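Have a look at the structure below, then the notes.
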Amino acid sequence: MSEAAATADTAAAHAPAASHGHAPAPGGNLWDGGVRPLGAHSKKFGMWLFIVSDSITFAALLFAYSYVRLSNVWPTPFHGHSIVTSTAMTFVLLSSSLTMVLAVDAANKKLRDKAVLWTMLTALGGLIFVVLHTMEWLGIINDHLMPLIKAGEETKSGWTMPMVWGTFFAATGMHMLHVTVGVGYLVVLALQYKNGKFKAIDIEVAGLYWHFVDLVWMFVFPLIYLMSAKI
Amino acid sequence: MSVAHDVEEEHEVHVHQEPKEFIWKYIFSTDHKVIGKQYFLLAIVAVVIGLGLSLAFRYHLATYTPQGMFLNPDHYLQAVTMHGTILVFMVLTTAPLGGFGNYFLPIQIGAVDMAFPRLNMLSFWLTLLSFLVLIAAFVVPGGPPVSGWTGYPPLSAINSATPGMGLGQTLWVGSIAIFCLASLVGAINFIVTTLDLRARGMSLMRMPLSTWAWFITAIIALLSFAVLFAGGLLLILDRELGTSFYIPAGVVFGAKELNHKGGSPLLYQHLFWFFGHPEVYIAILPGMGIVSHILANFARKPIFGYNAMVYAIAAIGVIGFFVWGHHMFQSGMSPYVAVAFSILTMTIGVPSAIKTFNWLGTLWKGNIEFTSAMLFALGFVSLFVSGGISGIFLGQNAVDIYFHDTYFVVAHFHLIMGVAAMFSIAAGTYYWFPKMFGRYMNEPLGKLHFWLTFVSVYSVFIPMHIMGLWGHPRRYAGFEYAFLNDPMIPSMHNMITAAAFVAVLAQLLFIFNYFWSMYKGAVAPENPWNGTSLEWITASPPAFDNFGGKEPVVNHGAYEYSVPGAEKDYIMQTDPPEAAPHAAAH
Ligand SMILES: [Cu+2]
């Protein structure tokens, strides 16, 4: 993804600031300037900040979900079949976290081909997740939302969506968007890492993103699916 | 596990040359200085539009009679909505942080650029896109929305409410969502830059207060825009896909009940104000930093209570996240919760007062030079006090219930958030212009600008406080003023409008001065104000890599003015440690 490309040459790498990474001034400590106090590459720190911010966005979405769920009578639409599908999706996504770990490890050991392979496998895991998820979405739309509830002219499409499906599509859609972006990010990363443009650190930074997206799913899955399962 | 690799990879040095072609040098530049100026220019265009709108509705209010009005009520609300949105997002958020922050934060910490120059360019272009999408609302069928800069649902969630609530409101939400992304990218860049790229010796407690303010502001932006983004997404879904997050059952529109149920407008208000209150600090904290920096410089004294200033900025940033409920006292809230929000709101008065007294302490027995920059900095302190005091009243839930929908609130937030922040922008411009363009701005024009603005803004907003006390409602395109039973009201409207015209015309003077001085101003040296911080060791304007290939090493705190025993009345941060015998301990 272009984000990684954009960070490929940070200002820290420019000539006069080469002192970054050297020892601090005599008698000084890590926070006295001239070094990165956190001991991590700036890109890694930047990704952590992105994760902080993005997790707040997801927290707000899940807060909204809880807010409307608590103030309404909530149906339990997920039968055994959809729980099986979503469990399979969860399994695929978690496995892709494992391949991501292996990719980072291989990159740090300078095993270039292996790192490319593991990164591509991670992307494949993400892709399978997106395909399964899309099929599930289409199934839900066919089962529950067709025909859609006809409404007045107040919505552009001329229909309204019951709250349970509004929250479902909002939360899982936002997550699916993150997975889709992540798949593109990993593919570009693997190709550019292969031809030497990206480094091991870039794989590690992508790994942070990928694990974060997996972690978000570990909140979405119980809150949206398991709590609404028909038992 | 990868630390060794980080170090190894960092030693691959890419030397970047300054691009030669116009388009890469000035348009698609990754240089933080060019990007800072781009943000600033964007803010100037936006402020002209935003202030122009305010003149339109001020003229309307002064000439209003039920028989004939300058704007019809729809247009009035559209003008107010766009005025608020443009000024809050495109001016007060972009100029102090995106403009000055981009230009001066890397220089003040001794870095050659931001940590991620290309992401920096991305955040500017996203901001510009957001601005263009917002402005497009003027030209689409139906025009801009009428729901105010806060965009409250259910109104904002219903496409057919008024003509502007169709495409216009859609563009508005889209613009805000893009703006959130731009701010997020920018905030990450500012935070990483401040922590990772400080020059040798630039410890955190040696950073200028302006840098501290930009740093804390970036943290606030990182945490608050994320919530607005989520709130905006749900509003888009309600509008476009027929969900009902914000629309309860039983909303009747056009004599027909809507088919939505289960949502809550309060949910939006919580998400919006969780962002909205910190947004006030996003607008004003950089101003506090800039003003502290300027006051010390022109009082020729160290800033009074530097550490307390840093802690106060941080405290304001933290407490600012726990007070959003004071915008919702009237929306229906448990009185117990309201009391909690009241108390937390008043807690913010403590760090704010610390800052104010420290500014006064800095001025005390100083050797004050009344430059235009200093006048605006002093004006900021004045506005901060007079605008902040009324905030204490409004933070009381019992008092707020009376004041909330009156001009009192309008006067309060315009003084503290709008005008005070504008004063800090003007102060920063007069102060840093010689550095940015190598020329001074015209001082007599600057002083005229100050006095005209200072007198006119108070003439606008003091009467509004009084009208608010009398119960004059806000957001009304007009009503029978006799209803308020006070014959003064129409003449006060006239006076406010006249003062508003003076205030806006004075800003044109400023904009003229800005562009005229770029080419015709007196040539400025490296350190025109005898300042101490790192921007004053660079050429005016600074070299492409800021320090001309040299690597600054910092030996002093940011505000060592009038140090006893020193040669000059200021010690620059890069002066050798022995320049002030007892200052090295800083
Ligand atoms: Cu507030």
Side-chain angles (χ1 to χ4, degrees), chain A residues 3 6-7 9-21 24-25 28 31-34 36-42 45-46 49-50 52-54 56-58 60-61 64 67-68 71-72 108 148-157 159-161 163 166 169-170 174 199-201 204, chain B residues 1-3 5-7 9-10 12-16 111-119 122 158-160 184 188 191-192 195-204 222-223 226-227 229-231 234 237 240-245 253 256 258-260 262-264 267 271 545 547 549 551 554:
Chain A
E3 200 169 295
T7 58
D9 60 337
T10 63
H14 288 210
S19 71
H20 293 287
W31 291 90
D32 282 353
R36 291 194 178 79
L38 304 170
H41 196 288
S42 290
F45 182 27
L49 291 173
F50 170 78
V52 167
S53 179
D54 210 29
I56 291 175
T57 301
F58 274 109
L61 286 178
Y67 192 109
V68 294
S71 48
N72 283 287
N108 282 333
L148 299 154
I149 299 171
K150 272 288 174 206
E153 59 192 3
E154 75 272 9
T155 60
K156 288 239 174 67
S157 45
W159 42 270
T160 56
M161 193 187 280
M163 195 64 96
F169 287 125
M174 184 70 168
K199 311 276 180 266
I201 179 70
E204 203 177 333
Chain B
M1 62 183 162
S2 70
V3 172
H5 291 276
D6 284 353
V7 174
E9 281 165 12
E10 269 165 34
E12 301 166 18
V13 173
H14 309 254
V15 179
H16 267 241
V112 291
D113 204 324
M114 289 292 223
F116 311 116
R118 283 192 236 170
L119 284 186
L122 176 71
I158 298 169
N159 276 281
S160 52
L184 163 64
I188 291 174
I191 297 169
V192 175
L195 287 185
D196 276 0
L197 298 189
R198 282 168 292 127
R200 195 133 29 119
M202 181 59 83
S203 62
L204 290 176
L222 183 85
L223 305 179
V227 175
F229 187 64
L234 298 182
L237 293 181
E240 310 302 322
L241 293 182
T243 60
S244 316
F245 285 99
F253 175 72
K256 156 169 89 69
L258 297 186
N259 220 332
H260 288 271
S264 164
L267 171 62
L271 295 175
D545 69 349
F547 298 95
E551 192 189 322
V554 174

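In what follows, every heavy atom counts, from backbone to side chain, and hydrogens, waters and symmetry copies are set aside. Residue numbering restarts at 1 for every chain, and letters A, B, ... go by the order of the sequence lines. Treat the numbers as computed from the prediction; the structure is a model and nothing was measured.
Between Ala170(A) and Phe245(B), the shortest heavy-atom contact is CB-CZ, 4.0 Å. Scanning both residues, Arg36(A) and Asp196(B), for their nearest heavy atoms gives CD-OD2, 3.5 Å. Shown here for Ala64(A) and Leu234(B), the closest heavy-atom pair between the two residues is CB-CD1, 3.5 Å. Here the shortest heavy-atom pairing between Met174(A) and Phe229(B) reads CE-CE2, 3.7 Å. Val192(B) and Leu49(A) get closest at one heavy-atom pair: CG2-CD1, 3.7 Å. Across all non-hydrogen atoms, the minimal contact from Ala230(B) to Thr57(A) is CB-O, 3.7 Å.
Ranked by heavy-atom pairs shorter than 4.5 Å toward chain A, the options Leu223(B), Leu237(B), Val554(B) are led by Leu223(B). Each of Leu204(B), Leu195(B), Val227(B), Leu271(B) has some count of heavy-atom pairs under 4.5 Å with chain A, and the biggest count is that of Leu195(B).
Under the side chain to side chain donor-acceptor pair (under 3.5 Å) criterion, Ser53(A) pairs with no residue at all, not counting sequence neighbours. In this structure Phe547(B) satisfies the ring-ring contact (aromatic ring centres under 6.0 Å, His included) test with no other residue, sequence neighbours excluded.
Of the two parts of Ile191(B), the backbone and the side chain both hold a non-hydrogen atom closer than 4.5 Å to a non-hydrogen atom of chain A. Contact of Leu222(B) with chain A is made through backbone and side chain together, with heavy-atom distances under 4.5 Å. Heavy atoms of Tyr67(A) lying under 4.5 Å from chain B belong exclusively to its side chain.
Met161(A) CE to His260(B) NE2: the interatomic distance, rounded to the nearest 0.5 Å, is 11.0 Å. With rounding to the nearest 0.5 Å, the separation of CZ in Arg198(B) from CG in Asp32(A) is 8.0 Å.
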